[in-house]
Amino acid sequence: GGDVPREVFLFLAMALILTSLSGCSCLFYPRAGEYATQAKGANGLETMTNLTSMMESTASKAKGGKGVDTAFDDLHNQFHALSDSFCGVTDAQSKTPAYALAVTHKKELGAIFGRLWKFKGDQPQRDLHLDLLSTELKELRETLQTIK
């Protein structure tokens, strides 16, 4: 009949699990891929650095706003593009102490963005969290620049 072979089912299940574990969310945030393409650098680190700069600019545009306005939606998709871009470093780079610190900054950005999402419609909390996000992005960019 029309049964899916067991191997195909297992492959698709594993692909879904790996995608969700790797933090690659382009499936759920298709515009994240557009931003990743716009920020594409000569290598994975340069792409990540470009995304941090892009996000800082967007965070500044999102100030004074309310709810999921255009700038906030852009920032949300850029956040997912940045998270996904961590997949783009070399194996050697991923083993450096600076990369370990970059991953900590990534986790801090996730926590800040979660709070920012909660306060997206409330001023002045939204702008305060946007400032904190920008500070964290700057620290991440400085850390990325130390990875060779």
Side-chain angles (χ1 to χ4, degrees), residues 8 10-148:
V8 173
L10 288 174
F11 173 78
L12 291 173
M14 189 57 73
L16 183 64
I17 290 167
L18 288 174
T19 302
S20 59
L21 290 178
S22 70
C24 296
S25 58
C26 285
L27 249 54
F28 306 106
Y29 302 97
R31 290 190 45 235
E34 293 172 27
Y35 289 112
T37 302
Q38 283 177 31
K40 188 126 184 79
N43 55 49
L45 275 176
E46 194 174 294
T47 300
M48 292 167 79
T49 303
N50 293 345
L51 280 163
T52 59
S53 298
M54 183 188 286
M55 283 184 71
E56 279 183 280
S57 171
T58 305
S60 141
K61 290 177 193 156
K63 287 188 77 169
K66 201 167 180 131
V68 183
D69 52 22
T70 303
F72 193 90
D73 187 52
D74 290 346
L75 187 64
H76 185 211
N77 280 280
Q78 290 166 7
F79 169 73
H80 287 287
L82 178 63
S83 292
D84 292 349
S85 72
F86 275 74
C87 304
V89 296
T90 66
D91 197 43
Q93 290 167 336
S94 73
K95 290 176 172 52
T96 63
Y99 181 78
L101 183 58
V103 170
T104 301
H105 284 300
K106 175 187 176 186
K107 290 178 185 300
E108 290 173 348
L109 283 167
I112 294 165
F113 202 91
R115 299 290 292 166
L116 175 59
W117 186 267
K118 178 180 178 172
F119 294 118
K120 64 187 174 286
D122 303 322
Q123 287 291 0
Q125 296 94 319
R126 172 178 162 142
D127 284 0
L128 292 170
H129 283 81
L130 284 166
D131 287 341
L132 185 59
L133 188 77
S134 293
T135 299
E136 193 63 42
L137 285 164
K138 180 178 180 283
E139 290 177 14
L140 172 58
R141 191 175 57 255
E142 290 167 356
T143 300
L144 292 173
Q145 289 166 346
T146 68
I147 301 173
K148 299 292 172 229

Participant: To the nearest 0.5 Å, what is the distance between CG on Leu51 and CG on Leu137?
Facilitator: 10.0 Å
Participant: Considering only NZ, NE, NH1 and NH2 on the basic side and carboxylate oxygens on the acidic side, decide whether Lys63 and Asp131 come within less than 4.0 Å.
Facilitator: yes
Participant: Hey, are the side chains of Asp127 and Gln123 touching, using non-hydrogen atoms and a 4.5 Å cut-off?
Facilitator: yes
Participant: Quick one: side-chain contact (heavy atoms from CB on, under 4.5 Å) partners of Ser60, sequence neighbours excluded?
Facilitator: none
Participant: Just jot down the side chain to side chain donor-acceptor pair (under 3.5 Å) partners of Thr58, sequence neighbours excluded, or say none.
Facilitator: Gln78
Participant: Give me the one residue out of Asn43, Leu144, Ile147 that meets side chain to side chain contact (heavy atoms under 4.5 Å, CB included) with Thr49.
Facilitator: Leu144
Participant: Could you give all pairs that pass the salt bridge (Lys or Arg N to Asp or Glu O under 4.0 Å) test and reach residues 36-58, with sequence neighbours left out?
Facilitator: Glu56-Arg141
Participant: Could you measure the distance from the CE atom of Met55 to the CG atom of Leu140? Nearest 0.5 Å is fine.
Facilitator: 9.0 Å
Participant: Would you call Met54 and Gln38 a side-chain contact if the rule is heavy atoms closer than 4.5 Å?
Facilitator: yes
Participant: Stepwise, does the side chain to side chain donor-acceptor pair (under 3.5 Å) test hold for Thr37 with Glu34?
Facilitator: CA-CA 5 Å; Thr37 302; Glu34 293 172 27; over 6 Å; no
Participant: Evaluate the side-chain proximity of Leu101 to Thr146: yes if any heavy-atom separation is below 4.5 Å, no if none is.
Facilitator: no
Participant: For Lys118, what residues pass the side-chain contact (heavy atoms from CB on, under 4.5 Å) criterion, not counting sequence neighbours?
Facilitator: Arg115
Participant: Does a side-chain heavy-atom distance below 4.5 Å link Val103 with Tyr99?
Facilitator: yes
Participant: Ignoring hydrogens, what is the shortest heavy-atom contact between Ala81 and Ala36? Give both atom names and the distance.
Facilitator: CB-N, 4.1 Å
Participant: List the residues meeting ring-ring contact (aromatic ring centres under 6.0 Å, His included) with His76, not counting sequence neighbours, and say none if there are none.
Facilitator: Tyr29, His80, Phe113, Trp117
Participant: Once ring pair (Phe, Tyr, Trp, His ring centres under 6.0 Å) is applied, what residue pairs with a partner in residues 45-66 remain, sequence neighbours excluded?
Facilitator: none
Participant: Tell me every residue that passes side chain to side chain donor-acceptor pair (under 3.5 Å) with Thr47, counting only those two or more places apart in sequence or in another chain.
Facilitator: none
Participant: Taking all atoms of both residues into account, what is the closest heavy-atom pair of Val89 and Ser94, and its distance?
Facilitator: CG2-CB, 4.0 Å
Participant: Working to the nearest 0.5 angstrom, can you tell me the gap between Leu128 CG and Leu130 CG?
Facilitator: 9.0 Å
Participant: Considering only residues two or more places apart or on different chains, which pairs with a residue in residues 118-148 satisfy ring pair (Phe, Tyr, Trp, His ring centres under 6.0 Å)?
Facilitator: Phe119-His129
Participant: Answer yes or no: is there a side-chain heavy-atom contact under 4.5 Å between Arg31 and Asp74?
Facilitator: yes
Participant: Do you know the tightest heavy-atom contact between Leu82 and Ser85?
Facilitator: O-OG, 2.6 Å
Participant: Considering residues at least two apart in sequence or located in another chain, which fulfil the side-chain contact (heavy atoms from CB on, under 4.5 Å) criterion with Ile112?
Facilitator: Leu132, Leu133, Glu136
Participant: So, taking the atom named NZ in Lys95 and the one named CG in Asp91, what distance separates them when rounded to the nearest 0.5 Å?
Facilitator: 3.5 Å
Participant: Report yes or no: does Asn77 contribute a side-chain atom to a donor-acceptor pair with the main-chain N or O of Asp73 at less than 3.5 Å?
Facilitator: yes
Participant: For Lys107, give me all partners under side chain to side chain donor-acceptor pair (under 3.5 Å), at least two apart in sequence or on another chain.
Facilitator: none
Participant: Any sub-3.5 Å donor-acceptor pair from Lys61's side-chain atoms to Ala71's backbone N or O?
Facilitator: no
Participant: Let me confirm one number: the CZ-OH distance from Phe79 to Tyr35, rounded to the nearest 0.5 Å.
Facilitator: 15.0 Å
Participant: In chain order, what residues pass the side chain to side chain donor-acceptor pair (under 3.5 Å) check against Lys138, with sequence neighbours excluded?
Facilitator: Glu142
Participant: Show every ring pair (Phe, Tyr, Trp, His ring centres under 6.0 Å) that has at least one partner inside residues 37-71, sequence neighbours left out.
Facilitator: none
Participant: If you take all heavy atoms of Arg126 and Leu116, which pair is closest and at what distance?
Facilitator: O-CD1, 3.6 Å
